[in-house]
2 protein chains.
Amino acid sequence: MVISPTEENYLKAIYHLQALSEVVSTTHLAQKLQTKPASVTDMMKKLQAKNLLHYTPYHGFSLSAEGRKTALHIVRRHRLWEYFLAEKLSFEWNEVHEVAEELEHIGNKKLIEKLDAYLGFPQFDPHGDPIPDSRGRMQQPELVPLSTAPIAFTGVLQLVTDQSKDLLEHLASRKLRIGTRLELRSRSAFDGSVDIKMGSKTLTLTRQLANHLLLKQI
Amino acid sequence: MVISPTEENYLKAIYHLQALSEVVSTTHLAQKLQTKPASVTDMMKKLQAKNLLHYTPYHGFSLSAEGRKTALHIVRRHRLWEYFLAEKLSFEWNEVHEVAEELEHIGNKKLIEKLDAYLGFPQFDPHGDPIPDSRGRMQQPELVPLSTAPIAFTGVLQLVTDQSKDLLEHLASRKLRIGTRLELRSRSAFDGSVDIKMGSKTLTLTRQLANHLLLKQI
DNA sequence: ATAAAAATTTAGATTAGCCTAAAAATTAAC
DNA sequence: GTTAATTTTTAGGCTAATCTAAATTTTTAT
């Protein structure tokens with residue numbers, strides 16, 4: 001079956017949104033793809049006709065088994081290229097995504113298998129996200145609480161185990177978000193508070209807070 | 001200026017056809033691009049409007065300075081990827097073209113400059129064709145007559161210095177064409193005739209013929 | 001130099017992906 | 001449980017790139 005780059009982008013976006021909620025809405029997808037809801041509806045009809053998703057008008061959509069398989073192939077290509085760009089071409093980790101967005105649409109099977117082998121079958125991309133293997137399987141990255149991570153640990157904030165308003169505000173005011181990359185610089189022997197480096201700036205978090213921040217290693 | 005992948009394909013095709021004759025015709029280009037003359041005419045108007053080529057209706061077209069510069073960037077990207085595929089991913093030399101056709105349309109400047117550096121600024125691609133540098137300059141490959149090439153020399157037939165019907169028929173019957181890759185296996189001390197390997201088969205050419213076949217090294 | 005052949009352009013459709021505006025369905029609010 | 005607000009879909013258009021068929025121009029052959 002032929003799947004256009006545009007269709008691929010839709011499938012990938014739905015795949016990612018489904019991590020948040022099993023069924024995806026028209027507006028949510030439109031916003032993710034920087035397009036209009038009407039365009040999404042058009043495309044949903046096309047993808048349903050191709051059996052790539054389940055779609056009930058007015059009630060959202062979700063990937064079919066076939067659609068999910070396709071999305072995983074796209075994610076695989078994207079993350080392999082990200083790994084290549086960072087590891088071989090020495091791009092910075094935050095520059096790789098944009099370029100990989102273009103490279104991911106080249107579907108040639110042999111290319112991807114050879115690239116994978118050349119890179120040494122990496123399990124995680126430069127953002128710490130798992131790279132699906134050729135059959136779509138992937139490792140879940142190990143999550144480490146910032147409070148117990150070793151000094152010099154570098155990771156990405158992946159999960160916050162306390163969703164209280166106060167904690168979230170505390171994080172927001174410090175621009176700490178899911179996906180933020182940080183490095184553990186030191187841990188106080190006195191109170192267990194940690195100093196972390198986030199981009200160019202450094203900040204201190206209490207042990208209590210650090211305990212709720214789960215990182216994936218990168 | 002924004003140039004679509006389709007427009008890029010047109011520019012590249014014109015660039016290559018111009019090596020044969022300075023001005024390119026509608027049918028010739030249509031045939032090269034596996035499309036119809038009417039489609040070519042449409043595109044020529046568009047590319048002329050973008051100042052990428054000179055176009056006189058009914059009298060063919062040629063690249064403008066700007067168009068030639070753009071075409072050279074595309075050729076550069078194509079050949080760098082070919083080199084990457086053969087050298088790093090161990091594709092066979094005859095498999096690289098197809099994949100590079102897709103990769104070449106990713107225009108990200110930083111990507112190409114970093115790829116070039118990673119590959120060690122190669123001068124020639126796996127077919128022996130010169131790779132333009134970032135300013136569009138390239139080395140002309142050295143041409144060696146098959147009659148004087150060293151044993152084990154591998155190259156691609158690039159130029160035939162005698163266009164007589166008899167010679168051309170002789171080549172045709174042996175499927176020896178411009179672009180054919182061959183390897184010199186041995187040279188007779190008796191009469192200077194050479195044994196060459198072409199793909200899986202071997203054949204013998206007289207010294208007289210070998211003298212008219214110019215190869216570029218690969 | 002003219003008629004026939006070949007090449008090229010124009011005219012008018014088609015398809016994919018997108019848009020705006022209007023209509024319809026769902027959800028939320030009282 | 002109606003009404004209002006929100007979400008989603010439909011209807012109708014737009015653009016890029018393509019096509020076929022018809023018209024036009026150029027080239028070739030006498």
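Proteins come first, then strands; the chains are lettered A, B, ... in the order of their sequence lines, and each starts at number 1. As a basis for the values below, the full set of heavy atoms in this structure was taken, side chains included, without hydrogen atoms, waters or symmetry mates.
- Remark: A:His59 is not in phosphate contact with D:dT8, judged by side-chain N or O atoms under 4.0 Å from OP1 or OP2.
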Under 3.5 Å between N/O atoms: give me all the protein pairs with nucleotides 10-12 of chain C, atom names plus distance.
unit_1	atom_1	unit_2	atom_2	d
C:dT10	OP2	B:Lys45	NZ	3.0

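- To the nearest angstrom, P of C:dA7 lies 18 Å from CE of B:Met44.
- In this structure, A:Gln34 places its CD atom 10 Å from P of C:dC19, rounding to the nearest Å.
- Summarising the geometry, the separation between NE2 on B:His28 and P on C:dA7 is reported as 12 Å, rounded to the nearest angstrom.
- When the P atom of C:dA7 is taken as reference, atom CZ of B:Phe61 falls 14 Å away, rounded to whole Å.
- If you check every strand for non-hydrogen atoms under 4.0 Å, B:Thr26 touches sugar and phosphate atoms only.
- Between B:Lys109 and B:Glu113 there is no salt bridge, since none of the side-chain N atoms of the basic residue sits less than 4.0 Å from a carboxylate O of the acidic one.
- Atom CG in A:Leu47 sits about 13 Å away from atom P in C:dA16, given to the nearest Å.
- The pair B:Lys12-B:Glu101 meets the salt-bridge criterion, since a charged nitrogen lies less than 4.0 angstrom from a carboxylate oxygen.
- B:Asp166 and B:Ser164 form no side-chain donor-acceptor contact under 3.5 Å, judged by distance and modelled atom types alone.
- Note on A:Tyr10: only backbone sugar-phosphate atoms sit closer than 4.0 angstrom, heavy atoms only; bases stay farther off.
- In this structure the side chain of A:Gln31 never reaches within 4.5 angstrom of the side chain of A:Thr27, judged on heavy atoms.
- One interatomic measurement links the two molecules: CD of B:Gln31 to C1' of C:dA6, which rounds to 15 Å at whole-angstrom precision.
- At the heavy-atom level, A:Thr27 lies under 4.0 Å from the strands shown only through sugar-phosphate atoms.
- Taking only side-chain nitrogens and oxygens, B:Thr35 comes nearer than 4.0 Å to OP1 or OP2 of D:dC19.
- What separates CE of B:Met43 from C1' of D:dT18 is a distance of 10 Å, to the nearest Å.
- Remark: of the listed residues A:Glu8, A:Glu104, A:His105, A:Glu8 is the sole one forming a side chain to side chain donor-acceptor pair (under 3.5 Å) with A:Arg77.
- For the pair A:Glu7 and B:Thr56, nearest-nucleotide mapping onto DNA chain C gives the more 5' position to B:Thr56.
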Checking B:His54 against B:Ser64 for the side chain to side chain donor-acceptor pair (under 3.5 Å) test, could you report, in this order, the C-alpha distance in whole Å, the side-chain angles of both residues, the deciding distance, and whether it holds? CA-CA 6 Å; B:His54 305 297; B:Ser64 68; 5.2 Å; no

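- Atom CD in B:Gln48 sits about 11 Å away from atom P in C:dT9, given to the nearest Å.
- You'll find the ring centres of B:Phe84 and A:Phe84 inside the 6.0 Å limit.
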